[in-house]
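First the structure, then my questions, so here it is.
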Amino acid sequence: MHIVVVGAGISGLSSAWALAKRGHQVTLIEQGTIPNPLSASGDHHRIIRRAYGAATGYANTITEAYDAWDELWDDLGRSHLDPRGFLCVSREEGDEAETYLEGMKAGGYPVEMFDGAEAARRYPFLEAQSVRFGFSSKDGGALHCKLIASDMAGWLRGSGVNLLTETRVAAVDPAAAVVRLDTGEEIAADRIVVTAGAWVARLFPELTKDVTTYRTAVVYLEPPRDLKAAWEAAPVIVDVGGKIDGYILPPSGTGGLKFGSGLHKEKWPDADAGRNPRAGEGEQVRDLFAPPMTRLDEYRVLDVVTCAYTFTPDETFYCRPANKALIVSACSGHGYKFGAAVGRRVADAVESGDNDRLARWLRAEAA
Ligand SMILES: Cc1cc2nc3c(=O)[nH]c(=O)nc-3n(C[C@H](O)[C@H](O)[C@H](O)COP(=O)(O)OP(=O)(O)OC[C@H]3O[C@@H](n4cnc5c(N)ncnc54)[C@H](O)[C@@H]3O)c2cc1C
């Protein structure tokens with residue numbers, strides 16, 4: 001089959017990879033560069049972690065995610081996973097860290113527990129008295145997104161995929177299986193896979209009832225000199241406790257120390273608008289992290305990266321079949337870690353036509 005994939009974030013790159021491996025003719029179309037720094041997949045690094053609440057099936061899906069990344073590393077000839085483990089910090093009863101701990105226990109996945117004093121001894125950037133407890137696990141780390149994207153683009157080109165960059169799809173005709181480019185040129189296919197991230201509603205406006213687009217920003221920081229070594233050795237921090245939905249990536253791969261918070265997101269219908277950081281936005285994100293971080297005013301803002309991404313109401317992933325097109329999104333703020341596995345599952349659905357199975361898997365239901 002000839003399959004056109006629209007959008008070369010991690011979902012599109014992985015779909016193209018899996019389809020090309022199965023002998024299909026693939027055309028992958030990206031409106032920007034690869035990686036596209038404006039895409040959700042275009043930042044330096046993202047977290048992979050087993051930590052999920054017991055009520056979702058995503059903790060189990062992580063096993064398949066690791067397996068798919070391993071297959072990709074074999075193809076690329078090098079791994080882009082820094083398996084440094086993860087840490088969760090609880091500050092209030094019922095906070096996210098507690099939910100993740102219950103999930104790890106329910107799945108029988110081992111964790112190491114410690115109290116606030118021990119947490120601050122191990123991780124001197126933490127303030128002991130604001131930490132109820134912490135737990136760590138080896139089951140997580142950092143994925144190096146920019147390196148993954150550029151290596152995947154090279155692999156795809158070398159494998160005969162027709163890769164069109166700086167090329168925007170203006171419209172998709174699902175019945176005819178044709179995409180029309182900004183230039184007016186049309187490309188016909190047997191099937192179309194749309195992995196357009198936060199731009200998907202431009203192609204399929206009816207999807208605004210299923211997904212909401214948000215803008216957010218993350219901040220890259222230079223820590224005080226005496227805390228640098230601690231950050232270099234730190235695991236990824238999946239949650240810092242309390243209500244800020246805060247996560248931290250230590251320096252890894254091409255990326256430096258990065259703080260991000262779910263509190264800092266706002267509804268934002270136009271993925272291209274407002275992409276320059278606002279004055280003081282980096283400091284604003286940084287300061288959400290006190291407590292449990294100490295001495296935050298000594299952390300210097302190096303860079304602020306804005307991002308547009310979509311969420312479903314229940315924060316799962318989705319697919320919408322539309323005749324010969326399949327629209328897929330693994331986002332809701334936590335989809336990168338499943339990227340390679342999403343690609344393999346999309347290829348299964350394209351070949352079998354079993355979109356329900358794909359939808360169940362994307363929602364982490366038994367599939
Ligand atoms: C701040 C932030 C932190 C996150 N942290 C994590 C994390 O730690 N761990 C994790 O697992 N996940 C995380 N996520 C989620 C993760 O980044 C996304 O789930 C994932 O990157 C989505 O990939 P995608 O390919 O579906 O979309 P995108 O990466 O947005 O890719 C869509 C691509 O389609 C292209 N495109 C769109 N429309 C067109 C068109 N008409 N023509 C041509 N090209 C088009 C875009 O340019 C873009 O490159 C985070 C997200 C954000 C925003």
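Heavy-atom basis, side chains included; hydrogens, waters and symmetry copies ignored.
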Is it true that D239 and R49 make a salt bridge, defined as a side-chain N closer than 4.0 Å to a carboxylate O?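 A salt bridge is absent here (no side-chain N lies under 4.0 Å from a carboxylate O).
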
Does Y309 sit in a hydrophobic cluster with other residues, and if so which ones, taking ILVMFWY side chains as linked at heavy-atom separations under 4.5 Å, directly or through other members?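 Under the 4.5 Å side-chain rule, Y309 groups with Y214, F311.
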
Is D173 salt-bridged to K324, cutoff N-O under 4.0 Å?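 No.
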
Cationic N near anionic O, under 4.0 Å, D270 to R202: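 Counted as a salt bridge, because a side-chain N and a carboxylate O are separated by less than 4.0 Å.
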
Linking directly or through intermediates, with side-chain heavy atoms under 4.5 Å: list the remaining ILVMFWY members grouped with V211, chain and number order.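 Listed partners: V4, V6, I29, L164, V169, V172, V179, L181, I187, I192, V194, V200, L203, F204, L207, Y318, I327.
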
Any carboxylate oxygen within less than 4.0 angstrom of a Lys/Arg side-chain nitrogen, looking at R122 and E118?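 Salt bridge flag = yes for E118 with R122.
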
What residues form a ring pair (Phe, Tyr, Trp, His ring centres under 6.0 Å) with H80, not counting sequence neighbours?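 Listed in chain order: W73.
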
Carboxylate-amine/guanidinium contact E298 R295, below 4.0 Å: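 R295 and E298: salt-bridged.
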
Determine, using ring centers only, whether Y58 and F338 are less than 6.0 Å apart.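 Yes; Y58 has its ring centre under 6.0 Å from that of F338.
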
Lys/Arg N to Asp/Glu carboxylate O, R344 vs D67, below 4.0 Å: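 So R344 pairs with D67 through a salt bridge.
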
Could you tell me whether the side chain of T208 and the main chain of P205 form a donor-acceptor pair under 3.5 Å?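 Yes, because the side chain of T208 sits within donor-acceptor range (under 3.5 Å) of the backbone of P205.
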
With a 4.0 Å cut-off on N to O distance, would you call E93 and K243 a salt bridge?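 So E93 does not pair with K243 through a salt bridge.
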
If the test is side chain to side chain contact (heavy atoms under 4.5 Å, CB included), which one of T195, I3, V328, V5 qualifies with V346?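 For V346, the side chain to side chain contact (heavy atoms under 4.5 Å, CB included) test succeeds with only one of T195, I3, V328, V5, which is V328.
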
Pairing residues for D139 by the side chain to side chain donor-acceptor pair (under 3.5 Å) criterion, not counting sequence neighbours: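 Once residues adjacent in sequence are excluded, the partners of D139 under the side chain to side chain donor-acceptor pair (under 3.5 Å) criterion are R50.
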
Report yes or no: do E96 and T99 form a side-chain donor-acceptor pair below 3.5 Å?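 Checked: E96/T99 side chains show no N/O donor-acceptor pair below 3.5 Å.
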
Between D95 and E92 (side chain of the first, backbone of the second, donor and acceptor by atom type, cut-off under 3.5 Å), is there such a pair?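 Confirmed, D95 side chain pairs with E92 backbone.
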
Under 3.5 Å, is there a donor-acceptor pair linking the side chains of T306 and R275?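 Yes, R275 and T306 have a side-chain donor paired with an acceptor closer than 3.5 Å.
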
Do NZ/NE/NH1/NH2 and the carboxylate oxygens of E30 and R168 come within less than 4.0 Å?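 No, E30 and R168 are not salt-bridged.
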
Pairing donors with acceptors under 3.5 angstrom, does anything connect the side chains of N60 and Y109?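 Present: a donor and an acceptor within the cut-off.
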
Test your reading of the model: is there a side-chain donor-acceptor pair from S159 to the backbone of V161, 3.5 Å cut-off?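 Checking the backbone N and O of V161 against the side chain of S159, no donor-acceptor pair under 3.5 Å is found.
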
Indicate yes or no: does R180 engage E185 in a salt bridge with an N to O separation below 4.0 Å.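 Not counted as a salt bridge, because no side-chain N and carboxylate O are separated by less than 4.0 Å.
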
Strictly distance-based, threshold 3.5 Å: is any side-chain N or O of H2 a donor or acceptor partner for the main-chain N or O of A188?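 Looks like yes, one N/O pair under 3.5 Å.
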
Please answer whether the main-chain N or O of G255 pairs with a side-chain N or O of H144 as donor and acceptor at a distance below 3.5 Å.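 A pair under 3.5 Å: no.
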
Checking one residue: L38. Which other hydrophobic residues are in its cluster under the side-chain 4.5 Å linking rule?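 ILVMFWY cluster around L38 also holds W199.
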
Carboxylate-amine/guanidinium contact R320 E206, below 4.0 Å: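 No, no charged N to carboxylate O under 4.0 Å.
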
Using a 3.5 Å distance criterion without hydrogens, assess whether the side chain of S252 forms a donor-acceptor pair with backbone atoms of A142.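 No.
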
If we only count heavy atoms from C-beta on, is the C307 to R215 side-chain gap below 4.5 Å?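 C307 does not reach R215 side chain to side chain.
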
Is the shortest side-chain N to carboxylate O distance from E365 to R360 below 4.0 Å?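 Not counted as a salt bridge, because no side-chain N and carboxylate O are separated by less than 4.0 Å.
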
N-O pairing of D314 and R363 below 4.0 Å: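 Looking at D314 and R363, the cut-off is not met.
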
Please identify each residue that fulfils salt bridge (Lys or Arg N to Asp or Glu O under 4.0 Å) with R132, with sequence neighbours left out.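 By the salt bridge (Lys or Arg N to Asp or Glu O under 4.0 Å) rule, R132 matches E98.
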
Does P35 offer a backbone N or O that forms a donor-acceptor pair with the side chain of S39 under 3.5 Å?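 Absent.
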
How close do F114 and S136 get, heavy atom to heavy atom, and via which atoms?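 For F114 versus S136, the nearest heavy atoms are CE2-OG, 3.8 Å.
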
